[in-house]
Amino acid sequence: MTWLTPAYAVIAASIAVPALVILYFLKLRRRDLEISTTLLWRKAIQDLQANAPFQKLRRNILLLLQLLVLAAALTALGQPEFKADTRTGTRRIILIDRSASMSSTDGAAGKPDAPSTPISRLDQAKKDAVELVDAMRDPGVFDEKGDEAMVIAFDTTAEVRQNFTSDKTQLRAAIKAIEPTDAPSAIGEAFKLAKAYTGTRKFEEGKGFVPASAGAAIHIFSDGRLPDAEKANVDPEDKVSYHAVGAADTPNIGITGLRAERAFDNPSKLSIFVGLQSTARQQRTLDVQLAIDEQVAAVRAVSLPAATPGTGAGAAPEPAAAPTHSDAAGKAADKPDKPTDQPWTPGVGGVVFTLDRVEGGIVTVQLKPPADGSGPDALPADDTAYLVFPPAKRLAVALVSGGNLFLQTALEGLNLSKLVKVPAAEFQRLLDANQTGEFDVVVFDGWLPN
C-alpha cells in the first residue's frame, strides 16, 4: 500500500489528535449553585473529581468514537493506494468467411458430432465461432476484466459486424446474422481491418516501434483457398488461429462459361455454349438442362473427366493444408492429423445446344443429378446460369473505301440487311456528328478516321 499525500495526513493528525484528547483532560466550567446538602449528589462529586485537570481519563465511548472518525478522516486525507496484480481479459478478433464457397453443404465434414442433415460451411463456421464466444471468461467480482471479442465478416471486402464487447448476447447475434454472398474470397482487407484493432505501437530508443499494449488474438474461420494469404502482414506479437471448415476433397461441378452465338449466314440458327469444370476425383456424368423463357428446350448428358493432381491454372492449396494455429512467425503450431494432398487441376468439359429461334429470350442452364443418384456436388450456387440473347438480325454494313471492286463484290455476296458505300470524307462527317448508329459493322479500306 502507498500514500499519495502522507505529509498532509501527518500534519493534520499532529494537530487534531492532541486537541481532541486535551478537551477531555481540561476541567469543565460549571455554574455555581447553592444547595442545602450534597449527600444526594455523589455522582456530581465524581464528575468534579474526574474533570480535575490532568487526572487519569476514564473509559469514554464518545472519545473512542471521535478518535475513530478522526482516524478515518486522516486516512482519507493521506489517499492510500493498493497495488496488486489483477487479471486482464483477452481480446479476440473473429474473422468469418462469407464467400460463395462457404455455401457448400459439407460444413460438418470431419466433425465427430456431425449432424445427419447437411450443414453449410458458413453455418458450421458460425457454430464454431459461437462456441468460442461461449468459452470467453466473464468479468470477475473483484474488478477483473473479462474477455472481449469483435466480429468481422469478409469475402473480397470486409466489414465490422460487432465492435469489441464482453456481452456474449451481442456477439452471438452478430455472428448468427452473417449471410453468405456470391463473391470470391480474399483475406487481405479483412486482416488489415483486424490489425487496426490489435493495439497501438510506440517508439522506443534502440528498439524502434514496439507494441504499446497487449494485442488481440485473431481467429479466422474459413474453408481456405485464400489467394492473398501470403500478403497478410503478420507481426511477431500477433497470435493468429485458423479454424478450417469443410473437406478438402469435396467434389464440385460448376458452370464456368455460358455464351450464345448466331450463325452469320443464318441468324435464325442459335448456338449456346456451356462450359463446365469438375473437382471430383473420379469421372462424373450428369444432365445439363436448357430452358428458354422458363420452358425446357433440351436436356443433354455430359461426362466430365476426373480432376488430376498438379499445379494447373487456378489451383490453390486445399483447406486442410493451412495450419490449425500459427505462431508469430507464421509457422505451424498444430499440424493437420493427416498429410495433405497437392493441388488438383479440375476436369474440363462442356456441351453445345443448337436451336432454330428467331426471337430473343432468356436462357436458363441447370445441372441435374443423373439417375444413379451420385448428384452434381455440394455447392448449388454454381449449378445454375442465366443468359439473355437478342433476336435474330441481319447486319447493316458500311464500306469506307476509295474503290475496291473485289472487296465490294465479296460483301455484296453476304446475307446482309444492307451494304452502304460511304466516301471517307462523308463518313468522317457522320462520325463527328455521332450519326453512325445505323451500322452494325464498318469496314475501312486503306483509310482510318481521325
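Counting from 1, the numbers follow the sequence of the chain as shown.
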Participant: Output all residues satisfying salt bridge (charged side-chain N to carboxylate O under 4.0 Å, His left out) with E159, sequence neighbours left out; order by chain, then residue number.
Facilitator: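 Here the qualifying residues are R98, R161.
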Participant: What pair of heavy atoms forms the shortest contact from P18 to A13, and how long is it?
Facilitator: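 The answer is CD-O, 3.5 Å.
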Participant: Please give me the minimum heavy-atom distance between F154 and A186, naming the atom from each residue.
Facilitator: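 Minimum heavy-atom separation between F154 and A186: CD1-O, 3.4 Å.
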Participant: Assess whether side chain to side chain contact (heavy atoms under 4.5 Å, CB included) is satisfied between E189 and L193, documenting all intermediate values.
Facilitator: CA-CA 6 Å; E189 184 174 339; L193 187 59; 5.7 Å; no
Participant: Determine which pairs satisfy salt bridge (charged side-chain N to carboxylate O under 4.0 Å, His left out) with at least one residue from residues 165-176, sequence neighbours left out, and list them in order.
Facilitator: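 Qualifying pairs: D134-R172, D138-K168.
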Participant: Under the side-chain contact (heavy atoms from CB on, under 4.5 Å) test against V274, which residue among V351, V352, L290 passes?
Facilitator: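 When V351, V352, L290 are each tested with V274, the side-chain contact (heavy atoms from CB on, under 4.5 Å) holds only for V351.
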Participant: Report yes if some heavy atom in the side chain of I178 is under 4.5 Å from a heavy atom in the side chain of V151; otherwise report no.
Facilitator: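 I178 vs V151: side chains touch.
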Participant: Compare every heavy atom of L304 with every heavy atom of G349, then report the nearest pair and how far apart it is.
Facilitator: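 Here G349 and L304 meet closest at CA-CD2, 3.5 Å.
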Participant: In chain order, what residues pass the ring pair (Phe, Tyr, Trp, His ring centres under 6.0 Å) check against F221, with sequence neighbours excluded?
Facilitator: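 Here the qualifying residues are H243.
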Participant: Rounded to the nearest 0.5 Å, what's the gap from CG on D228 to CG on L226? Could you check?
Facilitator: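 That separation rounds to 7.0 Å.
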Participant: Once you round to the nearest 0.5 Å, how far does CD1 of I253 lie from CG of L367?
Facilitator: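 The CG atom of L367 is 7.5 Å from CD1 of I253, to the nearest 0.5 Å.
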Participant: How far apart are the closest heavy atoms of F389 and A260, and which atoms are they?
Facilitator: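 In this case the closest contact between F389 and A260 is CB-CB, 4.1 Å.
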Participant: Among all residues two or more places apart in sequence or in another chain, which pass the salt bridge (charged side-chain N to carboxylate O under 4.0 Å, His left out) test with D440?
Facilitator: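 So D440 forms a salt bridge (charged side-chain N to carboxylate O under 4.0 Å, His left out) with K393.
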Participant: Strictly distance-based, threshold 3.5 Å: is any side-chain N or O of D147 a donor or acceptor partner for the main-chain N or O of R137?
Facilitator: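 Confirmed, D147 side chain pairs with R137 backbone.
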Participant: Tell me which pairs pass salt bridge (charged side-chain N to carboxylate O under 4.0 Å, His left out) where either residue lies in residues 290-299, with sequence neighbours left out.
Facilitator: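 Output for this query lists D293-R357.
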Participant: Apply side chain to side chain contact (heavy atoms under 4.5 Å, CB included) to the pair L430 and Q428, showing each step before the final yes or no.
Facilitator: CA-CA 5 Å; L430 295 175; Q428 183 67 57; over 6 Å; no
Participant: Do you know the tightest heavy-atom contact between P390 and R262?
Facilitator: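 The answer is O-NH2, 3.0 Å.
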Participant: How would you list, by chain and number, every residue that makes a side-chain contact (heavy atoms from CB on, under 4.5 Å) with S104, sequence neighbours excluded?
Facilitator: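 With sequence neighbours excluded, S104 shows a side-chain contact (heavy atoms from CB on, under 4.5 Å) to D106, R121, L379, given in chain and number order.
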Participant: Just so I know, are the side chains of K239 and I218 near enough to count as touching, which here means a heavy-atom distance under 4.5 Å?
Facilitator: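 They are not in side-chain contact.
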Participant: For the residue pair S185 and D155, confirm or rule out a side-chain donor-acceptor distance under 3.5 Å.
Facilitator: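 D155 and S185 do not have a side-chain donor-acceptor pair below 3.5 Å.
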Participant: Taking it one step at a time, do L276 and V348 satisfy side chain to side chain contact (heavy atoms under 4.5 Å, CB included)?
Facilitator: CA-CA 6 Å; L276 304 173; V348 180; over 6 Å; no
Participant: Calculate, to the nearest 0.5 Å, the distance between atoms CZ and CD belonging to F164 and E148 respectively.
Facilitator: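 The CD atom of E148 is 7.0 Å from CZ of F164, to the nearest 0.5 Å.
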Participant: Check whether the side chains of Q283 and S303 place a donor and an acceptor atom closer than 3.5 Å, and report yes or no.
Facilitator: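 Checked: Q283/S303 side chains pair up, N/O donor to acceptor below 3.5 Å.
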Participant: With rounding to the nearest 0.5 angstrom, report the CG to OG distance, L95 to S241.
Facilitator: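 It is 11.0 Å, given to the nearest 0.5 Å.
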Participant: So do V363 and I272 actually touch side chain to side chain, heavy atoms under 4.5 Å?
Facilitator: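 When only atoms from C-beta onward are counted, V363 and I272 do touch, with a gap below 4.5 Å.
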Participant: Find out whether D287 and R300 are in side-chain contact, i.e. whether some heavy atom of one side chain is under 4.5 Å from a heavy atom of the other.
Facilitator: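 No. Closest side-chain heavy atoms not under 4.5 Å.
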Participant: Is it the case that the side chain of Q170 and the backbone of T165 share a donor-acceptor pair, with hydrogens and angles ignored and the cut-off at 3.5 Å?
Facilitator: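 It does not hold such a pair.
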Participant: Does the Lys NZ or Arg CZ of R91 fall within the cation-pi geometry relative to Y197 - under 6.0 Å from the ring centre and within 45° of the axis?
Facilitator: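 So R91 doesn't make the cation-pi contact.
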Participant: Find the distance between CG (D382) and CG (D182) and round it off to the nearest 0.5 Å.
Facilitator: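 If I round to the nearest 0.5 Å, the distance is 10.0 Å.
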Participant: CD of E131: more than 12 outside heavy atoms within 6.0 angstrom?
Facilitator: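 Yes, CD of E131 has more than 12 neighbouring heavy atoms, counting only those of other groups under 6.0 Å.
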Participant: To the nearest 0.5 Å, tell me how far Q295 CD sits from I292 CD1.
Facilitator: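 Between Q295 CD and I292 CD1, I get 10.5 Å after rounding to 0.5 Å.
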Participant: Given side chains that start at C-beta, do those of V299 and V296 come closer than 4.5 Å, heavy atoms only?
Facilitator: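 When only atoms from C-beta onward are counted, V296 and V299 do touch, with a gap below 4.5 Å.
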Participant: Quick check: closest heavy atoms across R281 and A248, and the distance to 0.1 Å?
Facilitator: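 In terms of heavy atoms, the two residues are closest at NH2-O, 3.7 Å.
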Participant: Would you check if V442 and T436 make a side-chain contact, meaning some heavy-atom pair closer than 4.5 Å?
Facilitator: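 When only atoms from C-beta onward are counted, T436 and V442 do not touch, as no gap falls below 4.5 Å.
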Participant: So do I362 and L387 actually touch side chain to side chain, heavy atoms under 4.5 Å?
Facilitator: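 The answer is no; the side chains never approach within 4.5 Å.
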Participant: Would you say T279 and N252 are linked by a side-chain donor-acceptor pair, where the criterion is simply a distance under 3.5 Å?
Facilitator: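 Their side chains do not contain a donor-acceptor pair, so the 3.5 Å distance test is not met.
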Participant: State, with a plain yes or no, whether a side-chain heavy atom of S271 is found less than 4.5 Å away from one of F353.
Facilitator: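 The answer is no, as the side chains (C-beta and beyond) never meet within the 4.5 Å cut-off.
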Participant: Between V130 and K127, is the side chain to side chain contact (heavy atoms under 4.5 Å, CB included) condition met? List the steps.
Facilitator: CA-CA 5 Å; V130 169; K127 180 181 177 181; 5.9 Å; no
